[in-house]
There are 2 protein chains.
Amino acid sequence: MREKTERIIRGWGDACDAEISVAVLGGAWKPSILSLLDEHEVLRFGELGRLLGEPTARVLTRQLRELEDDGLVVRMVYRQVPPKVEYRLSDLGRGSMPLVEALTSWGGRYAAHQRRELARLTAEAEHLDDLDAAVVG
Amino acid sequence: MREKTERIIRGWGDACDAEISVAVLGGAWKPSILSLLDEHEVLRFGELGRLLGEPTARVLTRQLRELEDDGLVVRMVYRQVPPKVEYRLSDLGRGSMPLVEALTSWGGRYAAHQRRELARLTAEAEHLDDLDAAVVG
DNA sequence: CGGGATCCGTTTCGATACTG
DNA sequence: CAGTATCGAAACGGATCCCG
């Protein structure tokens with residue numbers, strides 16, 4: 001288990017369950033990684049990188065290691081040249097998919113709402129510009 | 001809207017919806033704050049602090065400001081002496097409760113699973129100690 | 001191909017002290 | 001009461017170079 005995760009679980013084992021979820025799923029790329037592995041069943045390191053839009057190898061490695069340490073992802077190393085490493089979901093990882101989908105769904109609705117808000121504010125600002133122009137003209 | 005949230009929404013508006021959820025709900029104390037506000041309807045700054053177990057005022061302020069900037073929480077200031085500030089959920093905040101509950105639920109199941117795992121490993125280690133003792137004896 | 005080592009800038013957390 | 005100001009420590013994401 002990841003040290004950070006263990007610290008949270010041991011530390012304030014009560015009333016902070018949501019924070020555990022955030023700690024486990026909250027890294028950069030992690031929900032996307034889990035979704036891709038759920039969709040494709042099994043992916044190699046390079047395939048994952050391409051599908052994610054080329055994060056640094058260093059970063060991708062770290063995220064995958066953390067997911068592995070937290071038990072959501074299984075890593076299979078084929079000892080051969082050139083090397084080949086496959087990743088897939090563990091049972092724990094598959095069990096997290098409903099939550100990942102809930103995160104995706106709410107995040108999408110939230111982003112849509114906020115984009116409308118941004119557009120509204122922009123339109124308002126332009127309207128004010130028009131008024132200014134009218135006054136100046 | 002919080003700058004960080006806007007950056008994510010504008011930046012890679014696609015395929016990262018789950019990351020938006022994490023950005024909005026992912027701070028320390030944030031899910032707990034939302035749950036408490038949902039449960040109590042309205043809470044003052046100090047009440048929230050006590051219910052959360054006394055995080056630093058600085059920290060609590062920051063989390064509440066971010067939730068407010070992201071539109072999940074409404075802040076009402078009563079201009080009086082001594083000051084009085086009330087926090088409650090916005091519609092957006094109430095809409096996030098199913099997700100917060102999903103985070104709590106999965107986090108709880110995950111923590112229970114990992115606690116069993118820790119106990120199992122500890123028992124195994126003690127068993128090995130017993131074996132060592134037997135050999136040494 | 002799939003990383004590890006090293007370094008860096010930013011963000012975040014948290015403690016202490018002070019204020020209208 | 002409900003913060004703000006300041007500071008230090010740590011975590012995180014990311015870039016660059018190197019390796020078997």
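By convention in this document, chain letters (A, B, ...) are assigned in the order of the sequence lines, proteins followed by strands, and residues within each chain are numbered from 1.
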Any donor-acceptor pair under 3.5 Å linking the side chain of [X] with the backbone of [Y]?
X: Y110(B); Y: D70(A); value: yes
X: S90(A); Y: G93(A); value: yes
X: S105(A); Y: E101(A); value: no

Under 4.0 Å between a side-chain N/O of [X] and OP1 or OP2 of [N], yes or no?
X: K4(B); N: dT10(C); result: no
X: R7(B); N: dT10(C); result: no
X: W29(B); N: dG14(C); result: yes

d([atom1], [X]; [atom2], [N]) in whole Å:
X: I8(A); N: dT12(C); atom1: CD1; atom2: P; answer: 16 Å
X: L64(B); N: dG3(D); atom1: CG; atom2: P; answer: 8 Å
X: E19(B); N: dC12(D); atom1: CD; atom2: C1'; answer: 14 Å
X: E54(B); N: dT16(C); atom1: CD; atom2: P; answer: 14 Å
X: R75(A); N: dG2(C); atom1: CZ; atom2: P; answer: 11 Å
X: Y78(B); N: dG3(D); atom1: OH; atom2: C1'; answer: 18 Å
X: Q80(A); N: dG20(D); atom1: CD; atom2: P; answer: 19 Å

Quiz prompt | Contact nearer the 5' end of DNA chain D, comparing P83(A) with V59(A) | solution =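 Here V59(A) is the residue nearer the 5' end.
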When all nucleic acid strands are considered with a 4.0 Å heavy-atom cut-off, which category describes [X]: base, sugar-phosphate, or nothing?
X: R65(A); answer: sugar-phosphate
X: Q63(B); answer: sugar-phosphate
X: Y87(B); answer: sugar-phosphate
X: A28(B); answer: sugar-phosphate
X: R79(A); answer: nothing

Self-check item: Base of dT6(D) paired with side chain of R58(B) (donor-acceptor, under 3.5 Å)
Solution: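 Counting by modelled atom types and ignoring angles, a donor-acceptor contact under 3.5 Å is found here.
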Quiz prompt | Check: R62(B) side chain, dG3(D) base, donor-acceptor under 3.5 Å | solution =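 Not at all, since no donor on one side and acceptor on the other fall under 3.5 Å apart.
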Quiz item: Are the side chains of V77(B) and P83(B) in touch, meaning some heavy atoms are under 4.5 Å apart?
Solution: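 Not in contact.
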Self-check item: V22(B) with W29(B), same ILVMFWY side-chain cluster at under 4.5 Å
Solution: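 No: no chain of side-chain contacts under 4.5 Å links V22(B) to W29(B).
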Exercise. Please check if V74(B) and V85(B) belong to a single hydrophobic cluster, counting links between Ile, Leu, Val, Met, Phe, Trp and Tyr side chain heavy atoms closer than 4.5 Å.
Key: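 V74(B) does not cluster with V85(B).
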Practice problem: May I ask you to list the residues of residues 39-53 of chain A, by number, that have any heavy atom positioned under 4.0 Å from an atom of DNA chain D? | Solution: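 Listed by number, there are none.
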Practice problem: State whether E124(B) and R120(B) are salt-bridged, where the test is any N-O pair (Lys NZ or Arg NE/NH1/NH2 against Asp/Glu carboxylate O) under 4.0 Å. | Solution: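 Between R120(B) and E124(B) there is a salt bridge, with a charged N closer than 4.0 Å to a carboxylate O.
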Practice problem: May I ask you to say whether R2(A) pairs ionically with E6(A), meaning some side-chain N is under 4.0 Å from a carboxylate O? | Solution: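 Result for this pair is no, no salt bridge flagged.
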Quiz prompt | E3(B) or T56(B), whichever maps to the more 5' nucleotide of DNA chain C | solution =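 The residue closer to the strand's 5' end, by nearest nucleotide, is E3(B).
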